[in-house]
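What's counted below: heavy atoms across the whole structure, side chains too, no hydrogens, waters or symmetry copies. For this chain, numbers begin at 1 and follow the sequence in order. Model, not experiment: these values are computed from the prediction.
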Amino acid sequence: MSGILAQAQVLHRAPLEPSRFASLPIGAVRADGWLQEQLRLQAAGLTGTLDEVYPEVVGPDNAWLGGDGDAWERGPYWLDGLLPLAYLLQDQALIDKAQVWVEAILASQQPDGYMGPSTDHPYVYGLQRGQTHDWWPKMVVLKVIRQYYEATGDPRALTFLTAFFRYQAAHLAETPLDHWTDWGRWRGADNLDVVFWLYDRTGESWLLELGERIHAQTKDWTSLFRTGEIFTRQGSVHCVNLAQGFKAPLVWWRYSHAESDREAPAMAAETIGHTVGIPNGLWAGDEMLHFGSPSRGSELCTAVEMMFSLETMLCLTGDVRWADWLERIAYNALPTQVKDDYSARQYYQQTNQVACTKEWRPFSTPHDDTDNLFGTLNGYPCCLCNMHQGWPKFVQNLWYASADGGLAALVYAPSTVTAKVAGDVAVTVRETTDYPFEGTVTFTVDFPDKGVRKASFPLYVRVPSWCADASLELNGQPLQASVIDGIIGLNRVWKKGDILRLRIPMDIRIEEGWDQAWSILRGPLVYALKMEEHWKWTPFAGKDRYYGAGAWEVTSDSPWNYCLMRDSFRADSCEVVSRPVEGYPWNLENAPVHLTVPARELPQWKAQNGSVGEIPYWTEDGDDTGDACRIELIPYGCTTLRIAAFPTRIIPWDRALREEAW
């Protein structure tokens with residue numbers, strides 16, 4: 001812990017925009033409770049063993065390790081999640097595994113600053129061995145080396161990044177970001193963010209000039225977001241490019257200081273909500289962007305990359321709307337798309353997903369109909385390697401340092417933070433909570449140095465936008481405080497053992513989406529129809545062996561064709577049954593919250609090719625409903641099969657008259 005406390009927090013260096021908050025060193029924040037169990041499952045599952053499960057790509061022949069195997073993004077993708085996980089868990093075996101890659105990458109740097117594989121090899125099926133000089137895979141490595149420095153403080157990382165950026169500055173004119181592939185042009189913000197991060201630490205002005213060049217060669221996301229054209233034209237952009245590009249205007253805003261850049265992501269968010277958006281916080285993109293039909297797919301890489309973008313945006317701006325959105329994705333989209341033991345994942349998930357089977361589905365980029373199975377190589381293997389960053393980076397971004405020497409809890413989960421605050425005093429704050437399932441968050445203050453009993457510093461907590469009536473208690477007594485831009489700041493003398501309790505009531509609410517379908521929410525969670533699950537391992541044969549040995553199909557006998565009634569549905573007609581969180585909560589058996597809500601059967605709504613059939617999700621004067629009933633909902637993230645976007649109906653005003661006439 002002393003190494004963590006020794007690293008000073010870097011907020012900004014002029015002329016970059018001042019930051020209200022700064023990220024803490026990796027290891028300063030520790031996961032507790034169910035979140036710690038989530039990390040342990042990753043370590044025991046694919047994150048900790050991918051080199052054994054997928055040795056042909058991330059094994060010792062990988063070109064980033066000096067071999068002649070895969071030379072592109074997949075090895076660095078894995079390391080981008082493995083490394084922070086290893087340090088968060090203080091798992092020496094995983095640290096050693098990650099260090100092999102780090103040492104190989106550092107050793108690959110040439111005298112002119114170039115790093116990574118440099119020799120193109122002939123194509124081998126399933127491997128990416130060409131285009132070794134492409135800028136895009138190197139952008140992933142930049143994120144890895146940045147994290148390595150934040151975990152260890154190893155000065156070689158800064159030297160390495162400085163040398164590479166000098167190489168990049170010398171070559172971008174002749175080989176721009178899209179010289180080899182166009183991925184770098186769409187994803188240049190990942191490159192720019194590390195350039196500015198390094199400038200904050202070294203102050204070398206030529207880095208700002210490099211930043212200008214990278215920005216000039218990156219897709220103009222500010223203009224795309226301000227016009228909104230990409231959201232009203234299907235197939236306009238790759239779904240993961242959108243996730244990675246979302247932070248681009250705000251990363252550049254640090255230097256431009258332009259309100260047009262600062263405002264652009266919020267404008268995009270508004271447009272997404274009524275075009276391509278889906279209830280779990282993402283958008284329909286399988287792989288190309290589409291309007292938000294509940295039958296369209298959403299790629300796993302989109303979830304983890306959008307989480308990283310939102311974490312970056314939150315830290316840069318302190319704007320807590322990005323924290324709300326981050327929780328929406330992390331607590332809905334992410335847990336449902338990976339098997340509980342972290343041994344398999346889906347490539348695409350569907351909002352209304354009533355079967356995970358090898359059948360034709362309306363996806364723009366299908367992969368022999370393997371996309372919504374749970375396996376390893378099915379769909380496309382990028383997600384197999386990239387999914388690992390989601391939870392570790394989420395843990396890192398639960399807490400921030402503040403510019404005035406305090407701490408900020410802007411995203412909620414059970415955790416413990418240890419960091420230095422004003423006066424160079426080390427403080428530990430433990431956050432105890434069943435969030436996101438329940439809305440009480442308790443903070444307990446402690447000091448790791450035995451001689452310290454109190455310290456003066458500000459502590460910031462967030463009030464989510466969906467909460468109308470938050471309250472605070474300090475040591476059991478009500479505490480009045482103002483909410484400013486979604487944040488409560490408490491600047492006081494904190495004593496050892498102080499207990500601050502934040503209550504954020506979670507009322508049931510409705511959101512309207514695709515074709516006026518309704519989704520039911522409570523707190524940050526979307527609630528979905530509970531369906532029984534039958535898991536069956538399906539071996540692959542013939543050409544399907546390209547997708548691995550096989551995958552899991554999931555089916556159900558549960559009825560799912562229900563609608564909600566616009567003219568009679570009320571929040572107070574819903575029953576909430578909660579229980580404490582125990583162990584791993586993201587499945588049918590352990591779901592901590594159950595809702596029962598009024599509904600009606602919709603007999604004409606039937607399955608088609610393994611998906612829900614096409615119907616009007618809203619009819620103005622239809623009479624296609626069946627009997628009234630009550631249905632059980634659980635958190636979206638606890639489901640594999642579900643309905644989360646419900647058709648809505650109104651009982652025709654003259655229905656009784658019609659029945660009487662009949």
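- In this structure a side-chain-to-backbone donor-acceptor pair under 3.5 Å is missing from Glu299 to Tyr348.
- The aromatic rings of Trp535 and Trp552 sit perpendicular to each other, their planes meeting at more than 60°, with 30° as the lower class boundary.
- The side-chain tip of Arg649 does not point at the ring of Trp618 from less than 6.0 angstrom away and within 45° of straight on.
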Self-check item: side chain to side chain contact (heavy atoms under 4.5 Å, CB included) between Gln234 and Met288, worked out
Solution: CA-CA 8 Å; Gln234 297 201 101; Met288 303 308 293; over 6 Å; no
Quiz item: Passes side chain to side chain contact (heavy atoms under 4.5 Å, CB included), Glu553 versus Phe374? Steps please.
Solution: CA-CA 7 Å; Glu553 291 191 327; Phe374 281 81; over 6 Å; no
Practice problem: Run the numbers on Lys143 and Lys393 for side chain to side chain contact (heavy atoms under 4.5 Å, CB included), then give the verdict. | Solution: CA-CA 11 Å; Lys143 294 194 298 176; Lys393 291 182 182 179; 3.8 Å; yes
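- Open room surrounds CD on Glu270; 12 or fewer heavy atoms of other groups in view lie less than 6.0 Å from it.
- A donor-acceptor pair is defined here as one N or O able to donate and one able to accept, closer than 3.5 Å; no such pair exists between the side chain of Thr596 and the backbone of Glu632.
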Practice problem: Check the pair Glu438, Ser578 against side-chain hydrogen bond (donor to acceptor under 3.5 Å, both in side chains), reporting the backbone distance first and the verdict last. | Solution: CA-CA 8 Å; Glu438 294 298 337; Ser578 301; 2.5 Å; yes
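- Separation of atoms OG1 (Thr640) and CG (Asn587) is listed at 8.5 Å; rounding is to 0.5 Å.
- In this structure, Gln389 and Asn386 have side chains that are in contact, with non-hydrogen atoms separated by less than 4.5 Å.
- Using modelled atom types, one side-chain atom of Asp220 and one backbone atom of Ser223 make a donor-acceptor pair closer than 3.5 Å.
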Exercise. Could you check Lys358 against Asp544 for salt bridge (charged side-chain N to carboxylate O under 4.0 Å, His left out), going step by step and ending with a plain yes or no?
Key: CA-CA 11 Å; Lys358 193 175 183 299; Asp544 288 342; 3.3 Å; yes
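- Asp286 contributes no side-chain N or O that, together with a main-chain N or O of Arg296, makes up a donor-acceptor pair within less than 3.5 Å.
- A 4.5 Å side-chain heavy-atom check between Tyr412 and Pro414 finds every atom pair outside the cut-off.
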Quiz item: Are Tyr380 and Glu287 close enough, and set up right, to give a side-chain hydrogen bond (donor to acceptor under 3.5 Å, both in side chains), and what steps lead you there?
Solution: CA-CA 10 Å; Tyr380 194 76; Glu287 297 173 354; over 6 Å; no
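- To the nearest 0.5 angstrom, Met565 atom CE is 9.5 Å from Trp518 atom CH2.
- Contact between Ser298 and Leu282 at its shortest, heavy atoms only, is OG-CD1, 3.6 Å.
- Ion pairing of Lys219 with Asp182 is absent here, as no side-chain N (NZ or NE/NH1/NH2) approaches a carboxylate O to less than 4.0 Å.
- No donor-acceptor distance shorter than 3.5 angstrom exists from the side chain of Asn241 to the backbone of Val237, with no hydrogens or angles considered.
- Listed for the Ser556 side chain is a donor-acceptor partner under 3.5 Å among the backbone atoms of Glu532.
- Annotation: the span from Met306 atom CE to Cys301 atom SG amounts to 14.5 Å, rounded to 0.5 Å.
- How far CD of Glu305 is from OG1 of Thr302: 8.5 Å, rounded to the nearest 0.5 Å.
- Between the Thr370 side chain and the Gly379 main chain, a donor and an acceptor come within less than 3.5 Å of each other.
- Proximity of Val240 to Arg187: side-chain heavy atoms (C-beta onward) are separated by under 4.5 Å at one or more points.
- Partners of Trp283 according to the ring-ring contact (aromatic ring centres under 6.0 Å, His included) rule, which considers only residues two or more places apart in sequence or in another chain, do not exist here.
- For the 3.5 Å distance criterion, the side chains of Ser611 and Gln350 qualify, holding a donor opposite an acceptor.
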Practice problem: May I have the step-by-step check of side-chain hydrogen bond (donor to acceptor under 3.5 Å, both in side chains) for Trp136 and Glu73, ending in yes or no? | Solution: CA-CA 8 Å; Trp136 156 238; Glu73 65 184 4; 2.8 Å; yes
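- Close placement of the Trp221 and Trp186 rings is indicated, their centers lying within 6.0 Å of each other.
- Between the side chain of Arg361 and the backbone N or O of Thr357, at least one donor-acceptor pair lies under 3.5 Å.
- You'll find the ring centres of Phe291 and Phe231 outside the 6.0 Å limit.
- Taking the six-membered ring for Trp and thresholds of 30 and 60 degrees, Tyr342 and His388 have ring planes inclined between 30 and 60 degrees apart.
- Between the CG atom of Leu314 and the CG atom of Asp319 there is a distance of 8.0 Å, given to the nearest 0.5 Å.
- By the 30° and 60° cut-offs, the orientation of the rings of Phe225 relative to Phe246 is tilted.
- Pairing each heavy atom of Val338 with each of Ala344, the nearest pair is CG1-O, 3.4 Å.
- Side chains of Val576 and Arg522 form a contact here, defined as non-hydrogen atoms less than 4.5 Å apart.
- You'll find the ring centres of Phe569 and Phe646 outside the 6.0 Å limit.
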Self-check item: Val597/Arg630 under side chain to side chain contact (heavy atoms under 4.5 Å, CB included): CA gap, chis, key distance, verdict
Solution: CA-CA 5 Å; Val597 305; Arg630 293 186 71 83; 5.6 Å; no
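- By the 4.5 Å heavy-atom criterion applied to side chains, Phe308 and Lys247 are counted as neighbours.
- By the 4.5 Å heavy-atom criterion applied to side chains, Leu326 and Phe394 are counted as neighbours.
- Side chain to side chain, Asn352 and Tyr617 meet the donor-acceptor criterion of an N or O pair below 3.5 Å.
- Using a 4.0 Å cut-off between charged nitrogen and carboxylate oxygen, Glu512 and Arg566 count as a salt-bridge pair.
- Side-chain contact between Cys356 and Gln346: present, with at least one pair of heavy atoms (C-beta onward) separated by less than 4.5 Å.
- Side-chain N or O atoms of Asn332 include one that pairs as donor or acceptor with a backbone N or O of Pro524 at under 3.5 Å.
- In this structure, Leu334 CG and Gln349 CD are separated by 9.0 Å, a value rounded to the nearest 0.5 Å.
- A cation-pi contact links Arg642 to Tyr636, judged by a cut-off of 6.0 Å to the six-membered ring centre and 45° from its axis.
- No donor-acceptor pair closer than 3.5 Å links the side chain of Asp515 to the backbone N or O of Ala517.
- Between Trp34 and Trp586, the ring-plane angle classifies as perpendicular under the 30° and 60° cut-offs.
- Pairing each heavy atom of Val526 with each of Pro279, the nearest pair is CG2-O, 3.3 Å.
- Remark: His238 pairs with Trp183 by the ring-ring contact (aromatic ring centres under 6.0 Å, His included) rule, at least two apart or across chains.
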Practice problem: For the pair Asn372 and Tyr347, evaluate side-chain hydrogen bond (donor to acceptor under 3.5 Å, both in side chains) and give the outcome as yes or no after the intermediate values. | Solution: CA-CA 6 Å; Asn372 88 330; Tyr347 191 57; over 6 Å; no
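- No side-chain heavy atom of Leu595 sits less than 4.5 Å from a side-chain heavy atom of Cys574.
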